[in-house]
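What you see is a predicted model; the values in this text were computed from it and never measured.
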Amino acid sequence: MRQPTVCVVIPAKNEARNLPKVLKKIPGWVDEVILVDGNSKDDTIEVARSLMPDIKIVPEDRPGKGAALRCGFAASRSDIIVMIDADGSMDPAEIPAFVGALLSGADFVKGSRFLQGGGTDDMEWYRRVGNWGFVKLVTWRFGGKFTDLCYGYIAFWRESLRRLSLENDDGFEIETSMNVQALQARLAISEVPSKEAPRIHGVSNLRTIPDGWRVLKTIVRLGFTSQTARLTGVSPPLARPSLTTSTDVRDPTR
């Protein structure tokens with residue numbers, strides 16, 4: 001029996017000044033770190049390699065956060081994938097909570113800024129209202145008990161990707177798409193509290209109205225498309241690695 005391997009996927013575009021705050025906090029037991037570069041014009045790649053010589057740099061195949069994440073997922077060879085942002089808003093010190101929930105039986109773990117213990121210092125009132133409305137819409141249409149929807153701190157077993165169809169999600173809507181499809185696929189979903197901080201340096205690429213519209217269209221599209229139709233021809237899930245209780249193997253929940 002072996003311990004499951006863990007990969008952290010980080011989409012980044014012009015995040016050279018933020019990467020030191022992010023990469024240095026990734027737990028040492030993480031097996032694989034993949035940075036997907038969005039054609040950065042600064043020293044993002046050079047800084048990443050100087051901080052973490054064994055980091056895997058992958059170029060995005062087309063613009064957009066969703067497209068970048070798909071490239072990172074495809075490049076990963078680990079059993080567990082954790083996705084975080086490069087701007088410093090998500091704390092890598094929370095990774096053990098996500099991995100621990102997966103090891104405890106979840107298929108898919110999403111961070112929530114609105115669970116007890118979570119919070120956000122980077123969300124205007126109108127975005128809070130929009131997120132609340134989207135949560136209510138998803139609950140009404142798909143069920144589930146989400147407390148947060150448009151937040152990209154997510155971890156999952158790599159095999160779960162076989163139950164998700166993400167080829168139409170090139171932008172920020174990929175987070176919502178993954179959350180909704182996990183519900184549709186009846187994956188075992190767990191929410192863990194997460195604290196969102198403001199971006200450390202630079203300006204966010206998020207555009208509230210256009211990206212909110214994309215999120216709404218994604219919810220509507222998924223509501224009218226069955227999971228079976230999206231996943232025709234998908235092969236059976238991979239077998240999960242057996243968990244070991246040996247004391248000489250590092251515990252990713254520590």
Side-chain angles (χ1 to χ4, degrees), residues 6-13 32 34-39 56 58-86 90 98 102 106-111 131 134-135 137-138 141-142 144 146 148-191 205-207 210-238 240:
V6 179
C7 171
V8 175
V9 174
I10 310 172
K13 182 177 182 180
E32 186 181 27
I34 297 175
L35 185 139
V36 186
D37 180 59
N39 194 28
K56 184 183 295 185
V58 176
E60 66 178 17
D61 57 4
R62 59 179 186 262
K65 182 177 184 179
L69 284 168
R70 289 199 306 271
C71 289
F73 299 162
S76 174
R77 297 296 177 264
S78 297
D79 303 306
I80 289 172
I81 298 175
V82 183
M83 49 190 260
I84 65 171
D85 290 346
M90 299 172 183
F98 286 77
L102 291 171
D107 299 315
F108 185 94
V109 181
K110 57 188 294 296
N131 186 76
F134 288 143
V135 168
L137 177 59
V138 167
R141 180 62 183 84
F142 304 100
F146 289 165
D148 202 349
L149 186 70
C150 306
Y151 187 48
Y153 208 151
I154 298 173
F156 50 90
W157 291 94
R158 185 162 60 96
E159 68 183 63
S160 296
L161 283 173
R162 296 182 179 274
R163 311 308 306 155
L164 310 179
S165 176
L166 305 175
E167 65 274 5
N168 294 315
D169 306 313
D170 284 351
F172 285 91
E173 74 279 0
I174 192 171
E175 301 156 357
T176 296
S177 182
M178 293 178 71
N179 291 332
V180 171
Q181 290 191 58
L183 272 178
Q184 290 180 303
R186 300 186 182 279
L187 298 180
I189 302 171
S190 178
E191 279 192 324
N205 293 313
L206 177 69
R207 302 168 300 163
D211 288 317
W213 177 242
R214 291 175 70 117
V215 167
L216 179 59
K217 289 196 296 183
T218 296
I219 295 171
V220 173
R221 170 173 56 84
L222 294 174
F224 283 98
T225 308
S226 71
Q227 185 202 20
T228 301
R230 290 196 310 273
L231 299 176
T232 300
V234 170
S235 54
L238 299 174
R240 261 185 212 172

Rounded at 0.5 Å granularity, tell me how far CD in Glu60 sits from CG in Asp37.
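So the CD of Glu60 and the CG of Asp37 are separated by 7.5 Å.
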Return the CG to CE distance between Leu183 and Met178, rounded to the nearest 0.5 Å.
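CE of Met178 is found 12.5 Å from CG of Leu183.
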Identify the two heavy atoms, one from Ser76 and one from Ile81, that lie closest to each other, and give their separation to 0.1 Å.
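Closest approach of Ser76 to Ile81, heavy atoms only: OG-CG1, 3.8 Å.
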Might you point out which heavy atoms bring Trp157 and Ala106 nearest each other, and give the distance in Å?
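Here Trp157 and Ala106 meet closest at NE1-O, 3.0 Å.
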With a 4.5 Å cut-off on side-chain heavy atoms, are [Y] and [X] touching?
| X | Y | value |
| --- | --- | --- |
| Phe146 | Ile189 | yes |
| Asn179 | Ile154 | yes |
| Val36 | Met83 | no |
| Leu137 | Leu149 | no |
| Phe142 | Ile219 | yes |
| Met90 | Val82 | no |
| Lys13 | Pro11 | no |

Could you please spell out the steps behind the side chain to side chain contact (heavy atoms under 4.5 Å, CB included) verdict for Thr176 and Cys150?
CA-CA 6 Å; Thr176 296; Cys150 306; 3.7 Å; yes
Using 30° and 60° as the class limits, which term best fits the ring planes of Phe108 and Phe156: parallel, tilted or perpendicular?
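Parallel.
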What do the steps show when you test Lys217 against Asn168 for side chain to side chain contact (heavy atoms under 4.5 Å, CB included), and what is the final call?
CA-CA 11 Å; Lys217 289 196 296 183; Asn168 294 315; over 6 Å; no
Note: [X]-[Y] ion pair, threshold 4.0 Å (strictly below):
| X | Y | value |
| --- | --- | --- |
| Lys56 | Glu32 | yes |
| Lys110 | Glu175 | no |
| Lys65 | Asp85 | yes |

Side-chain donor-acceptor pair under 3.5 Å between Glu173 and Ser177, yes or no?
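There is no such pair between these side chains.
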Let me see the working for Leu166 and Leu161 under side chain to side chain contact (heavy atoms under 4.5 Å, CB included), right down to the final yes or no.
CA-CA 9 Å; Leu166 305 175; Leu161 283 173; 4.3 Å; yes
Look only at the side chain of Arg163 and the backbone of Ala185, and say whether a donor-acceptor pair between them is shorter than 3.5 Å.
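No, because the side chain of Arg163 does not come within donor-acceptor range (under 3.5 Å) of the backbone of Ala185.
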